[in-house]
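A short write-up of the structure that comes next.
Naming: A, B, ... by sequence-line order, numbering from 1 per chain. Computed over heavy atoms, backbone and side chain alike; hydrogens, waters and symmetry mates excluded. Since we're looking at a predicted model, the values are computed, not measured.
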Amino acid sequence: MFKNQYIQQRIAKAKNIQDLGHNPYSNDSTRDTTISQFHYVNSDVETLDEKRDEKRVSTVAGRIKFFRLMGKASFIKLEDESGILQIYVTRDNLPEGFYNNIFKKNVEVGDIIEVKGYPFVTNKGELTLHVSDLNILTKSISPLPEKFHGITDKEMRYRQRYLDLIMNSDVKKTFHTRSKVISLTRRFFEDKGFLEVETPMMHPIAGGANAKPFVTHHNALGIDRYLRIAPELYLKRLIVGGFEAVFEINRNFRNEGMDATHNPEFTSIEFYWAYKTYKDLIEVTKEYFNYLFEHLNLPKILPYGDMEVNYGNFTEVRLIDSLHTIGDVPKEICEDKDKIIVFLKSRHIDVNEKMNLGQLQGELFDEFVEEKLIDPTFITHYPVEISPLARRSDAEPHLTERFELFIAGREIANAFSELNDPLDQLERFEGQMSAKDNGDDEAHEMDADFVNALSYGMAPTAGQGIGMDRLVMLLTNQHTIRDVLLFPAMKPQQSELEEDKA
RNA sequence: GUCCUGUUAGCUCAGCUGGUAGAGCACCUCACUUUUAAUGAGGUGGCCGAUGGUUCGAAUCCAUCACAGGACACCA
């Protein structure tokens with residue numbers, strides 16, 4: 001490590017700084033303002049007669065992004081989290097020898113320095129700090145990427161996110177938005193009286209979703225555990241226990257492929273609300289989106305790639321209706337298993353003939369409807385066969401009281417009135433087990449303790465999950481999940497594998 | 001998992017049908033006290049992703065592998 005010639009050069013400079021009596025990793029910062037604050041407080045300097053105010057002395061700190069050395073004076077662009085500021089450094093305003101021997105020879109782009117001085121406006125009209133004192137805080141020994149093009153290599157941006165953040169300030173904005181979305185979500189539900197809880201990430205049975213789990217091992221107990229694929233079954237146990245409104249914002253882990261919309265670990269919110277139904281959740285979801293848009297100061301119509309999504313236009317459609325009204329699937333085939341199979345085959349879509357009617361309707365939806373749902377659309381009344389945890393509709397027992405919310409052609413939320421009949425739940429687990437025997441390796445496992453919990457009685461409850469990563473993607477117009485995750489999952493590189501062996 | 005396209009200096013990229021490796025920025029030396037991707041002069045810097053093969057000769061052609069990006073398949 002650090003064999004590169006440029007790094008060696010910079011290590012030598014750090015040593016020079018040390019030898020000349022200054023700590024290249026000094027800890028005694030006396031910063032008294034941020035760069036944006038400096039701009040704000042001194043915005044009037046250009047109106048002053050002298051275009052300067054030598055009495056307003058302040059100290060700012062930051063990383064050097066540009067370095068323009070012109071003999072006995074230099075202009076530097078200094079960046080902190082709040083913004084960027086030009087500073088003007090001259091030989092005659094610094095202690096004897098400092099400019100020529102320490103500053104000019106050993107300070108460069110990438111270093112973090114602190115400067116004290118007064119504000120003035122240059123001939124070109126830029127507010128600048130006139131430096132009377134300069135302190136090197138951190139010597140950077142690796143050179144930064146090129147100042148104009150920055151880094152564009154996606155692999156480097158994801159693997160070395162710190163470099164991406166240094167070079168591409170827009171990236172910071174995305175993560176600021178992400179942080180606000182999480183924080184606003186928490187506040188929205190707390191204000192409604194929900195209790196935030198933390199349930200296990202390591203499960204003896206991976207339940208609550210159709211997905212393949214990661215397996216880990218507990219040495220002391222000598223048993224395998226699954227990283228959770230969903231918190232659902234634990235949150236509902238809490239409703240049984242008497243909490244009436246709970247939510248959890250945290251990671252789920254699914255052992256599946258990675259692409260633009262899938263990362264092995266992803267963040268969701270799940271919330272459960274006793275004495276409510278899926279219809280209440282439709283209302284609360286609209287309210288939640290309004291709340292986010294208001295507090296993020298976003299317009300109701302947002303671009304997403306080529307699309308324009310109108311967040312003022314939420315609609316509801318029953319799944320079976322959406323097949324022909326939106327998907328243009330002939331109405332007469334939608335209730336007939338064999339006709340659907342023939343139809344799917346005629347469109348050259350692989351179809352598993354063991355599928356039941358509800359599963360086939362789900363296939364039709366995925367193929368012909370989903371991508372057409374641009375404005376927010378609640379698809380309701382899912383077939384019971386593809387909703388193993390949802391409550392049946394009293395009026396139409398083959399359907400469930402469930403919806404999924406689609407935006408920009410993608411599922412963003414899944415919600416239903418929860419199944420609370422313990423015997424029905426037991427039967428559905430048994431149905432899932434036979435699906436597993438038929439080769440569906442993502443079917444639910446039997447969770448006897450969960451059924452047992454329901455046997456004590458769970459109040460009628462509505463529950464919902466929202467994919468936070470995908471929500472942030474929509475709000476920030478990002479088209480890969482890797483751009484809303486600070487450290488997306490990446491395959492190890494060759495050198496990392498070799499280090500692992502050693 | 002399949003297909004397509006990439007991988008050349010610290011970074012951004014050239015490099016044509018095989019003939020000793022190029023530019024800009026950065027870095028080093030020099031000049032320059034109001035610059036804006038500062039400027040001018042000179043210079044250093046490469047296991048051309050990895051391993052094999054074809055060839056007198058490979059960054060270039062072929063094969064395998066690794067990683068990345070995109071598309072498809074599966075999923076949220």
Side-chain angles (χ1 to χ4, degrees), chain A residues 2-10 12-13 51-52 65-77 84 86-94 99 104-105 108-110 120-126 128 130-131 140-160 163 166-167 208-212 229-230 251-268 270 349-350 362 366 370 404-406 410-414 440-442 465-471 473 479-482 488 490-498:
Chain A
F2 299 141
K3 288 193 186 112
N4 177 281
Q5 51 175 327
Y6 299 105
I7 296 180
Q8 282 302 318
Q9 242 170 43
R10 296 177 75 122
K13 289 182 184 180
K51 295 202 180 254
R52 62 180 57 214
K65 298 301 286 288
F66 296 91
F67 201 127
R68 293 188 275 274
L69 192 150
M70 297 171 302
K72 297 175 192 68
S74 302
F75 284 96
I76 286 175
K77 288 278 165 92
I84 193 158
Q86 175 164 275
I87 65 169
Y88 181 60
V89 185
T90 57
R91 186 192 63 184
D92 299 338
N93 286 287
L94 290 173
Y99 185 86
K104 231 165 93 172
K105 292 205 190 312
E108 60 206 308
V109 170
F120 76 108
V121 172
T122 63
N123 293 341
K124 300 287 166 63
E126 181 165 347
T128 302
H130 199 292
V131 175
S140 159
I141 60 166
S142 284
L144 286 180
E146 201 241 11
K147 62 186 173 188
F148 188 58
H149 297 94
I151 52 169
T152 57
D153 182 58
K154 294 227 165 108
E155 181 169 2
M156 202 190 306
R157 291 187 42 218
Y158 299 142
R159 285 190 198 278
Q160 296 175 256
L163 262 187
I166 291 172
M167 300 307 296
N210 295 319
K212 286 175 213 149
I229 56 176
R251 234 65 69 78
N252 296 311
F253 306 87
R254 299 196 182 169
N255 205 339
E256 287 155 2
M258 290 151 59
D259 62 28
T261 53
H262 295 85
N263 195 67
E265 50 183 309
F266 64 99
T267 300
S268 68
E270 286 202 11
I349 294 158
D350 283 339
D366 291 345
E370 180 167 0
E404 288 195 8
L405 173 63
F406 293 85
R410 238 180 247 154
E411 183 194 339
I412 195 83
N414 182 17
D440 181 355
D441 56 1
E442 293 187 351
I466 302 174
M468 300 308 288
D469 309 289
R470 289 183 179 181
L471 177 60
M473 285 168 69
H479 299 89
T480 140
I481 196 168
R482 290 184 282 274
M490 300 290 276
K491 286 195 197 176
Q493 289 170 305
Q494 198 76 25
S495 58
E496 294 175 32
L497 290 171
E498 280 159 13

Assess whether one donor atom and one acceptor atom, taken from the side chain of [X] and the base of [N], lie less than 3.5 Å apart.
X         : N      : value
Thr152(A) : U12(B) : no
Asp259(A) : A73(B) : yes
Glu155(A) : U7(B)  : no

Would you say Arg251(A) has more than 12 foreign heavy atoms packed within less than 6.0 Å of its CZ?
no
Is it true that Glu108(A) and Arg10(A) make a salt bridge, defined as a side-chain N closer than 4.0 Å to a carboxylate O?
yes
Find the partner of [N]: check Watson-Crick (N1-N3 plus N6-O4 or O6-N4) and G-U wobble (N1-O2, O6-N3) distances, both under 3.5 Å, and reply none if neither fits.
N      : answer
C30(B) : G40(B)
G52(B) : C62(B)
A14(B) : none
G69(B) : C4(B)

Between [M] and [N] - [atom1] atom distance, rounded Å:
N      : M      : atom1 : value
C11(B) : C3(B)  : C1'   : 32 Å
G49(B) : G15(B) : P     : 15 Å
G43(B) : A9(B)  : C1'   : 15 Å
A14(B) : U7(B)  : P     : 8 Å
U34(B) : U44(B) : P     : 32 Å
C13(B) : A66(B) : C1'   : 23 Å
U8(B)  : C47(B) : C1'   : 12 Å
G10(B) : C28(B) : C1'   : 15 Å

Quick check: does any side chain N or O of Lys104(A) sit under 3.5 Å from a backbone N or O of Lys72(A), one acting as donor and the other as acceptor?
no
Answer yes or no: is there a donor N or O on one side and an acceptor on the other, between the side chain of Asn252(A) and the main chain of Phe266(A), under 3.5 Å?
no
Rounded off to whole Å, could you give me the [atom1]-to-[atom2] distance for the [X] and [N] pair?
X         : N      : atom1 : atom2 : value
Leu69(A)  : C27(B) : CG    : P     : 10 Å
Arg68(A)  : U34(B) : CZ    : C1'   : 11 Å
Leu163(A) : C11(B) : CG    : C1'   : 10 Å
Arg10(A)  : C28(B) : CZ    : C1'   : 13 Å

Check this one for me: any side-chain N or O of [X] less than 4.0 Å away from OP1 or OP2 of [N]?
X         : N      : result
Lys13(A)  : C28(B) : yes
Arg482(A) : A68(B) : no
Lys154(A) : G69(B) : no
Lys72(A)  : U35(B) : no
Lys124(A) : U35(B) : yes
Lys147(A) : A26(B) : yes

Is the ring pair His130(A)/Tyr88(A) parallel, tilted or perpendicular, if the boundaries are 30 and 60 degrees?
perpendicular
Check against side-chain contact (heavy atoms from CB on, under 4.5 Å), Lys77(A) and Arg68(A)
CA-CA 9 Å; Lys77(A) 288 278 165 92; Arg68(A) 293 188 275 274; 3.8 Å; yes
Report the nucleotide, chosen from A38(B), G70(B), U34(B), that has the shortest atom-to-atom distance to any side-chain atom of Phe120(A).
U34(B)
